[in-house]
Amino acid sequence: MKFGVLRFPGSCDEVDAQLAAGRVGEAVLLWHRDRDLQGCDAIIVPGGFSYGDYLRAGAIARFSPMMEEVIAFARDGGLVLGICNGFQVLCEAGLLPGALLQNTNRRFTSRQVRLEVVNSETPFTLACAPGELLSVPAKHGSGRYYAPDDQIDAMEAAGQVVVRYAPGDCFNGSARDIAGVCNQAGNVFGLMPHPEHAVDPLTGSTDGLRIFESMAMAAEGVRG
Amino acid sequence: MADAGLPTVEEAMALGLTRGEYELVCEKLDRPPNQVELAMFSLLWSEHCAYKHSKKLLMTLPTEGEFVVMGPGENAGAVDVGDGLVCAFKVESHNHPSAVEPFQGAATGVGGILRDIFAIGARPIAVLDSLRFGDPGTSERSRFLLDGAVSGIGHYGNSIGVPTVGGEVYFEEPYEQNCLVNAMALGLGEREKLVRSAAAGIGNILVLYGASTGRDGIGGASVLASAELGELSEDKRPTVQVGDPFEESKLLECSLELLEAGLIVALQDLGAAGLTSSASEMASKGEVGIDIDVAKVPLREADMEPFEIMVSESQERMLCVVEPGKLDTVIALTDKWEVHGTAIGTVTDTGQMRIFRGEELVGEMPVVALVDDCPLYDLDPAPPAAPIYPPPTATLDPAADLRQALLALIASPNIASRRPLFEQYDSIVQSRTVRRPEESDAAVLQLPGGRGLAVSIDGNGRKVAADPYRGTIGVVLECASNLACAGAQPLGTTNNLNFGNPEKPHIAWQLTEAVRGLGEACRALEAPIVGGNVSLYNEGASGPIYPTPVIGMVGRLPDVTRAGRLGFAREGDAIALVGRFSPALPASELARLRGEALPDGLPDVDIAAVRATQEAVRDAVREGALSSAHDIAEGGLLVAIAESCLAGDVGATLDLGACEDAWSALFGEAPGGFVVSGDPSAIARLAEHTDVDVIGAVGGDRLHVRAGDGEANATLAELREAHRALARLFP
Amino acid sequence: MRVRVLVRPKAGILDPQGVAVEQALPALGFGGVTDVRIGRLIELEVDDPAQVDEMCRKLLANPLVEDYEVQLLDGAAGTAS
Amino acid sequence: MRVRVLVRPKAGILDPQGVAVEQALPALGFGGVTDVRIGRLIELEVDDPAQVDEMCRKLLANPLVEDYEVQLLDGAAGTAS
Ligand SMILES: Nc1ncnc2c1ncn2[C@@H]1O[C@H](COP(=O)(O)OP(=O)(O)O)[C@@H](O)[C@H]1O
Ligand SMILES: [Mg+2]
């Protein structure tokens, strides 16, 4: 299992994602200006402030050469995980539905949250039990998930709402407490909280590992 | 050189030089300085750059020790943390810019201290902040400043991917007109790869990279750092510097990659006094000359004068020295990171700073005159004849009982939970943070190989105002106590001396006494000073700030999995008061709530005894023998216990036995006291090494204490509610 | 040619900054203010103003949540989305 | 009355957003764009438009780093700071 973690100018959590993914497989950094996916089985678009989050979070990064390759990879069914800023990039790139707006509290907020696994059958949540609560940190200023109501209805029906904030834990005002969504095909997943910061008992919880383990299981399945 | 229109002595004085200093400049040059030269001298001879009122004092501080790799003088100090790694760290102030524009002032303060860290070749791994404002309850301006400073720090640190792992904030009336915003940063580097800032190699090339140069902060260093804020007229206000963390993150990665590839000879950030100070100091340290062509400097505004280019304080710029053969590779790397480098000068053997605009020579000064010849002044210290500070405004009902006092203390802005602040900071990025804010008295970061670093930043202006010497000792001891509770041994210390106008004898006395206390405490703890910063002239119309030395200390843990926690953890654990603790109310937080005047002096401190207690607590934490350890600071014993209850979400029952004065026993403050909890046998073992008094047990959902015939009782829910008091400042 | 782009949150989308400003005004003594909306102002110099609309759709605004309006500053009227 | 306030970074003050957007545009296929400045667009409904100028100075703009321009949308021209 080989993960590729994108690196844009202004990325912050790319090494953290590399370390986390490295616990379940091989993980390499991919520079935004290159075009070689280096044979990776899954791509992670990491957290941080690509291009300073200037203009709109994720707006500039999504045009990078490497993102063009990632878009093609995703269209071919490749696994793509977007975390925080990566989620914003994937929405901007049109790989995921919706948009992420400024938190209703108007502040960057960093807090441990509980995530409820709504759909445990995606390639990113295979290793979770339905309804399981994962303790994972969230830290962002623009994490309010928005999509038109009818679209969210359809997404919920189709199992595209993958994780929600547990009651009381949603500080950003997201529609229906949505924390992470996948595309229709299920191979692209974005979430605001940071599973890569929940992989070691020393620095927090280990619940986030489940996301990376799920991806490895899914990738092995595809291969096998 | 054209000598028409030379600046006058009056203009020199408006830039902050004294008449005598101007005359000395003329003597050094053998002629009056032109505009470029005067601008450069006025900056380098400012208090901020030349430390002319503090250098003699600073020379008394201990700077050497077993772990010191780089002491004061370089961009940051560094201590050895084992396995060939060093921790670089330093604290800096951005007080005056933050008073003008708190968001950008605080943001650029963080940007500046981070550049100091990577300028020596260390990757920044943590930021801490130390903040002082007026009373947030009554002062709208203080709330505005607090809100702006906290968002600015978060904006910069979060965006650049360096965790803000700790800090401190206090609210006292003397900071109303002159807030303090200090920021500390830590970095990790390989000992063998540290780089110094001395320019070397005649014929080598100076490359400037990063942001373009605009009119930011022109006059900043001389005007902002050397004049009392109240004297600043509107037209002297410099342009506000705007921070760009995105640019800095590229600058950081590019600088570390340049160093890793061995492409540069020397590296220096551009901070206060911009190109003037960075180039001159590089030349001075390398004992060489430098030629700079300002026409080559990429500008944000086309029409800038040579002197403006030389003094601009535009942020996010670095200067490096490169061998000619490596220039193309260096430029290519700066292009990769989009921080486009430009060759702007050369290293010469002239011993002169020569400034050109194209072919035209527009300034020429001996490096030695610029950097080393600024006169140093002796202070004229004298203790104040009458109290300097009015008593704080009383907010506690004089009839309050112990329980009401406890709840008022827990809700005091100086003690209430800092969560609404630190939740605006990313404290976990880089995956090193083992103890987040409110989990331990010091932040703890993991290092390769299972070891750890602990760091704390502390200050207590009120106590230093009451007794500059003993108060400062108390601050250094508190910082080391915080490390001890995490299980760490101090390796080195940084400090920021925030004081009023040193030309006034009573301020000079505060400064002198504080530095004496600082040196003595650091010597006794073997925690030498490896760097720091001085911020003087912190005064408003109603007087000086409390003298505020801010101390940052870095320590190490052999086994990071055993880092201490401050929260009670297990029902049934014994609670003990540890240390030879002699609590006293004068200058305490309770005295502030009661509106009591500051005492004239504090009790003597036995530093060696405190150190011994710290070592005993540290060793017990390192053995994993204790469930919790917390030092007793603001609010005294009962507040420390309440904090341990809140952090562990469990109550406690205490009986202090016979007790002459329950108020002093419960709320009095002094250095050297700790509250620990653990298995009774572990506490008994601790008693073999230091004074230990078992006073109660962990359990239940309330805090209940009996002291003599006094008694207090509060539920966890009541304590938690009081502790949330700061949340309303951030609606 | 100098071009101005006004980007606004779409009707119906919560604008927390606008709400905060609206709530802060009465305390500062400003009554009678309603419906505050905060967006982005982008001004740029372009060789070819015909490009601007595409630039807006692709980069300067997010059509799912924002409306934009282009104003050509040296005369001529603008186009709105 | 509907009022529009344009808030811009002051001349000479660094505009990191504008710089970043300007540098990114060529790679996105938009050449010939220079001097990008990014500010805020504030639109509000006010009973008394005469108040707006003071509102800008006190709350809507930060006079240390920003200039503002007020446009009355139902006719009449605006005032600039
Ligand atoms: N300004 C601040 N920025 C970040 N963290 C802070 C700040 N102030 C306090 N904290 C954190 O909040 C916790 C409690 O702070 P404080 O009560 O000042 O601790 P102490 O009494 O040990 O000095 C610590 O973890 C500290 O690092
Ligand atoms: Mg403490």
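Every chain is numbered from 1 and lettered A, B, ... according to where its sequence line falls, protein lines coming before strand lines. Because the structure is predicted, anything quoted here is derived from the model rather than measured.
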Go through the atoms of B/L252 and report whether side chain, backbone, both or neither lie under 4.5 Å from a heavy atom of chain A.
neither

Which atoms form the tightest heavy-atom contact between B/S427 and A/S110, and what is the distance?
N-OG, 4.4 Å

Measure across A/C12 and B/S159 and return the closest heavy-atom pair with its distance rounded to 0.1 Å.
SG-O, 3.4 Å

Measure distances from A/N85 to the heavy atoms of chain B and classify the residue's part below 4.5 Å as side chain, backbone, both or neither.
neither

Atom of B/D244, atom of A/Y54 and distance for their closest heavy-atom approach
OD1-OH, 2.6 Å

Between B/E423 and A/F171, does the side chain to side chain contact (heavy atoms under 4.5 Å, CB included) criterion hold? Intermediate values first, please.
CA-CA 11 Å; B/E423 270 196 351; A/F171 58 76; over 6 Å; no

Count the heavy atoms belonging to other residues, nucleotides or ligands that lie under 6.0 Å from CZ of A/R35, then report whether that count exceeds 12.
yes

Smallest separation among heavy atoms of A/T203 and B/R436, with atom names
O-NH2, 3.1 Å

Checking B/D426 against A/F108 for the side chain to side chain contact (heavy atoms under 4.5 Å, CB included) test, could you report, in this order, the C-alpha distance in whole Å, the side-chain angles of both residues, the deciding distance, and whether it holds?
CA-CA 9 Å; B/D426 180 347; A/F108 181 99; 4.1 Å; yes

Is chain B contacted by the side chain of A/Y51, its backbone, both, or neither, given a heavy-atom distance below 4.5 Å?
both

Shortest non-hydrogen contact between A/R33 and B/D335, atoms and distance
NH2-O, 3.7 Å

Given a strict heavy-atom distance threshold of 4.5 Å, which part of B/Q424 is in contact with chain A: side chain, backbone, both, or neither?
both

Test side chain to side chain contact (heavy atoms under 4.5 Å, CB included) on A/H194 and B/I428; report intermediate values, then the result.
CA-CA 10 Å; A/H194 288 263; B/I428 59 174; 5.7 Å; no

Is B/E253 in contact with chain A via its backbone, its side chain, both, or neither, using a 4.5 Å heavy-atom distance?
side chain

Separation between CG (A/D16) and CZ (B/R432), nearest 0.5 Å, reads 9.0 Å

Examine whether an atom of B/V162 lies under 4.5 Å from a heavy atom of chain A, and if so say whether it belongs to the side chain, the backbone or both; otherwise answer neither.
neither

I need the minimum non-hydrogen distance between B/V429 and A/H197, along with the two atoms involved.
CA-CE1, 3.6 Å

Is chain A contacted by the side chain of B/T561, its backbone, both, or neither, given a heavy-atom distance below 4.5 Å?
both

